[in-house]
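So the structure is just underneath, and the comments pick up after that.
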Amino acid sequence: MGARQVPRHRIRQRITVDCRLPELPEVEAVRQRLVDERIAGTTILSFAAERPGTTKPQRPQEVAKAVRGRVVEGMRRRGKHLFVDLSGGYSIRVHLRMTGNLRIIPDVRLRPATARGWFVLDDGRALILDDPRALGTIHAGRLDEMEAAASAVGVEPLSDAFTDDLLLGAARRSKKPIKTLLMDQRAVAGLGNIYAAEALFRAGIDPRRESRRISALRLRRLRVEIVRVLADAVQSTRIAYRAPGRFGEADSFPLLVYDREGEKCGNCGRIIRRIPQGGRSTYFCPHCQR
DNA sequence: AGTCACCTGATT
DNA sequence: AATCAGGTGACT
């Protein structure tokens, strides 16, 4: 006691677009990049993974059997899930979790030590799940089974289905704090800790506020800000991925509160706070967010 | 509804 | 050496 809390010295590098945790915009960027790299039309020759956790509860062998000899027909995103659709009504479902990345490499023998699963393609290239923390997952099987596994995912926030009424209805049914509701994939698909906090800041809503007690007017504003923050992030992430030499501030989507504990709010100049919420850090401005 | 396990690199 | 980061699923 006695000593006033000193703001911790900030050494950790600001999170930028190239190392940001995968939420909807980052997953969408991964999808677009694979489309750009013309994964469609290739045939999968084989699959392998070393850790059982990567394909759990399937075995790597089962995934291999489901994909071998099938042609890649397209890439889709559903919330934070990626689908690699294959010929014959089959599909691969990938979830990047915290640190995963799905990417093409020129040759499977060049895969990094952090590669957790690898698909060898008939043109010599390989599709790998690169994930230092090994939390990402790969499943494969009939398309309907893969979609069933992601069926609990709610409305796509960048689709026409994400209406004022939909957000209002979800909020009215929930006693959770609004930030917890936004991160619930069954309510809105693809929001995570970062963009939920950013949308709430832009909408001026306290992340702790009970969902059902927020006015329809403020929920309308929240819906607008969710769409805006995600659309802007998709755009800047896409630009950054297409200009690999230009990562950094210029192309980064600015985060106004996330990871800014102790810094001044860009709107009012007061200090941004961090509080635990559902075991996660929530960043917000107590003055601008009510 | 809240807590833990799954992971490992960075930080304290 | 201990803690933190965090999406999700399993658990209480």
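Just so we're clear, the structure is a prediction, and the values are computed from it rather than from any experiment. In what follows, every chain begins at residue 1, and chains take the letters A, B, ... in the order their sequences are listed.
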Rounded off to whole Å, could you give me the [atom1]-to-[atom2] distance for the [X] and [N] pair?
{"X": "A/D259", "N": "C/dA5", "atom1": "CG", "atom2": "P", "answer": "9 Å"}
{"X": "A/R93", "N": "C/dG9", "atom1": "CZ", "atom2": "C1'", "answer": "12 Å"}
{"X": "A/I194", "N": "C/dG7", "atom1": "CD1", "atom2": "P", "answer": "7 Å"}
{"X": "A/M98", "N": "C/dC4", "atom1": "CE", "atom2": "P", "answer": "14 Å"}
{"X": "A/L129", "N": "B/dT8", "atom1": "CG", "atom2": "P", "answer": "13 Å"}
{"X": "A/K80", "N": "C/dT8", "atom1": "NZ", "atom2": "C1'", "answer": "9 Å"}
{"X": "A/L21", "N": "B/dC7", "atom1": "CG", "atom2": "C1'", "answer": "14 Å"}
{"X": "A/R173", "N": "B/dA1", "atom1": "CZ", "atom2": "P", "answer": "13 Å"}

**Item:** Axis-to-axis angle between the two ends of the helix from B/dA1-C/dT12 to B/dT12-C/dA1 (five base pairs per end, rounded to 10 degrees)
**Value:** 60°

**Request:** Would you check if there is a donor-acceptor pair between the side chains of A/D122 and A/T42 at a distance under 3.5 Å?
**Result:** no

**Prompt:** Going by number, which of residues 177-187 of chain A have a non-hydrogen atom under 4.0 Å from DNA chain C?
**Reply:** A/M183, A/Q185

Side-chain ion pair, [X] and [Y], N-O less than 4.0 Å:
{"X": "A/K65", "Y": "A/E62", "value": "no"}
{"X": "A/D131", "Y": "A/R97", "value": "no"}
{"X": "A/R274", "Y": "A/E261", "value": "yes"}

Any donor-acceptor pair under 3.5 Å from [X] side chain to [Y] backbone:
{"X": "A/Q185", "Y": "A/G190", "answer": "yes"}
{"X": "A/R209", "Y": "A/Q289", "answer": "no"}
{"X": "A/Q58", "Y": "A/A140", "answer": "yes"}
{"X": "A/R213", "Y": "A/K175", "answer": "no"}
{"X": "A/E26", "Y": "A/E23", "answer": "yes"}

**Prompt:** Considering heavy-atom distances to DNA chain C, does A/H81 or A/G279 have its closest nucleotide positioned more toward the 5' end?
**Reply:**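 It is A/G279 whose nearest nucleotide is closer to the 5' end.
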
**Fill in**
In numerical order, the residues of residues 130-138 of chain A whose heavy atoms come under 4.0 Å of DNA chain B are A/P132, A/R133, A/L135

**Message:** Taking only side-chain N and O atoms of A/H95, does any of them lie within less than 4.0 angstrom of OP1 or OP2 on C/dG7?
**Reply:**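 Answer no for this pair, as no side-chain N or O of A/H95 is under 4.0 Å from OP1 or OP2.
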
**Prompt:** More than 12 heavy atoms of other residues, nucleotides or ligands under 6.0 Å from CZ of A/R228: is that the case?
**Reply:** no

**Prompt:** Would you find more than 12 non-hydrogen atoms of other residues, nucleotides or ligands less than 6.0 Å from A/E50 atom CD?
**Reply:** no

**Request:** Kindly determine whether A/R77 and A/E156 satisfy salt bridge (Lys or Arg N to Asp or Glu O under 4.0 Å), including the steps that lead there.
**Result:** CA-CA 10 Å; A/R77 180 191 58 75; A/E156 285 292 331; 3.0 Å; yes

**Asked** Can you find a donor-acceptor pair, distance only, under 3.5 Å between A/R280 side chain and B/dT3 base?
**Response**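 By the distance-only test, no, there is no pair.
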
**Request:** Using side chain to side chain donor-acceptor pair (under 3.5 Å) as the criterion, list what pairs up with A/R290, not counting sequence neighbours.
**Result:** none

**Message:** Judged by each residue's nearest nucleotide on DNA chain B, which is more toward the 5′ side, A/R116 or A/K176?
**Reply:**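 Nearest nucleotide further toward 5': that of A/K176.
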
**Message:** Closest-nucleotide mapping onto DNA chain B: is A/G278 or A/R97 further toward the 5' terminus? I mean the 5' end.
**Reply:**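 The residue mapped nearer the 5' terminus is A/G278.
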
**Item:** Touch class at under 4.0 angstrom, heavy-atom based, for A/S281 against every strand present
**Value:** sugar-phosphate

**Request:** Name all pairs fulfilling the ring pair (Phe, Tyr, Trp, His ring centres under 6.0 Å) condition that reach into residues 52-108 of chain A, sequence neighbours left out, sorted by first residue then second.
**Result:** A/H81-A/H95

Please tabulate, one pair per line, each protein N/O and nucleotide N/O from nucleotides 1-3 of chain C that are separated by under 3.5 Å, including the distance.
none

